[in-house]
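For reference, the structure discussed in these notes is given below.
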Amino acid sequence: MKKLDLKRFDAHQALLQIILADIKQYRGLLVWLVLALGSALLTVYLTHLNRELIAEREELLKHRDAIDVEYRHLVIEQTTLSSHNRIESLAQRELGMQRPTDEQEVLVPWR
């Protein structure tokens with residue numbers, strides 16, 4: 001077994017006592033140091049979260065713009081497809097339909 005060197009042990013204990021005395025003497029400074037470090041770390045973390053949220057917001061805005069463009073195209077397509085001239089020409093061309101004359105119109109009585 002290894003034998004303990006008591007002189008060295010006493011020196012370590014004395015050093016620990018000096019360190020503890022310094023900590024007690026400067027405990028206010030130590031508290032401020034811990035608070036400053038905590039504040040710095042919290043600032044870094046919150047900045048990181050903020051940048052992530054800004055990036056997510058930009059992606060959502062791009063997605064919204066893409067949906068808006070698609071919506072406008074669909075409205076234009078719907079307007080084109082539902083125009084009366086187009087429907088009338090399709091009915092005449094593909095189904096052979098014609099506008100009824102006044103003699104061909106039949107009024108259905110309402111109850």
Side-chain angles (χ1 to χ4, degrees):
M1 283 197 136
K2 193 174 183 183
K3 188 176 180 183
L4 289 176
D5 187 12
L6 292 179
K7 285 184 182 181
R8 215 168 159 201
F9 184 71
D10 289 338
H12 285 299
Q13 256 194 348
L15 181 60
L16 284 175
Q17 287 174 354
I18 292 171
I19 290 173
L20 289 176
D22 283 346
I23 288 176
K24 285 180 186 177
Q25 183 180 358
Y26 297 109
R27 66 177 165 255
L29 183 63
L30 186 62
V31 168
W32 284 110
L33 176 68
V34 169
L35 288 175
L37 287 176
S39 175
L41 291 175
L42 188 61
T43 301
V44 169
Y45 178 68
L46 291 176
T47 303
H48 172 72
L49 288 180
N50 190 31
R51 287 182 181 166
E52 281 184 343
L53 289 174
I54 288 172
E56 183 180 352
R57 178 179 177 266
E58 289 298 319
E59 288 297 320
L60 290 174
L61 288 176
K62 285 180 186 177
H63 187 64
R64 183 196 67 182
D65 291 342
I67 289 174
D68 189 45
V69 168
E70 183 180 355
Y71 172 74
R72 289 173 193 232
H73 287 152
L74 289 174
V75 167
I76 292 170
E77 183 179 353
Q78 180 184 18
T79 304
T80 303
L81 292 176
S82 66
S83 69
H84 295 291
N85 294 337
R86 184 178 184 281
I87 293 173
E88 193 171 329
S89 67
L90 282 175
Q92 287 176 354
R93 188 178 54 228
E94 293 182 11
L95 302 175
M97 299 176 85
Q98 296 177 355
R99 282 204 168 272
T101 61
D102 290 339
E103 296 83 28
Q104 293 174 329
E105 286 184 17
V106 177
L107 295 177
V108 179
W110 181 255
R111 288 187 178 181

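Ion pairing between D68 and R64 fails under the 4.0 Å rule for side-chain N and carboxylate O.
Contact annotation: the side chain of D65 never approaches that of V69 to less than 4.5 Å [non-hydrogen atoms, C-beta and beyond].
Atom CG of residue L74 and atom OG1 of residue T79 lie 10.5 Å apart, to the nearest 0.5 angstrom.
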Less than 3.5 Å apart, which donor and acceptor atoms pair up between the side chains of residues 90-107 and the rest of the protein, not counting sequence neighbours?
| from | atom 1 | to | atom 2 | distance (Å) |
| --- | --- | --- | --- | --- |
| T101 | OG1 | E103 | OE1 | 3.3 |
| Q104 | OE1 | T101 | N | 3.0 |

Without placing hydrogens or testing angles, list every side-chain donor-acceptor pair under 3.5 Å for residues 46-55, not counting sequence neighbours.
| from | atom 1 | to | atom 2 | distance (Å) |
| --- | --- | --- | --- | --- |
| T47 | OG1 | T43 | O | 2.7 |
| H48 | NE2 | E52 | OE2 | 3.0 |

**Study point:** Candidate pair K62 and E59, rule side chain to side chain contact (heavy atoms under 4.5 Å, CB included), full reasoning
**Key:** CA-CA 5 Å; K62 285 180 186 177; E59 288 297 320; 4.1 Å; yes

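A donor-acceptor pair is defined here as one N or O able to donate and one able to accept, closer than 3.5 Å; no such pair exists between the side chain of S39 and the backbone of L35.
Chaining together hydrophobic side chains whose heavy atoms lie under 4.5 Å apart places I19 alongside L15, I23, L30, L33, L37.
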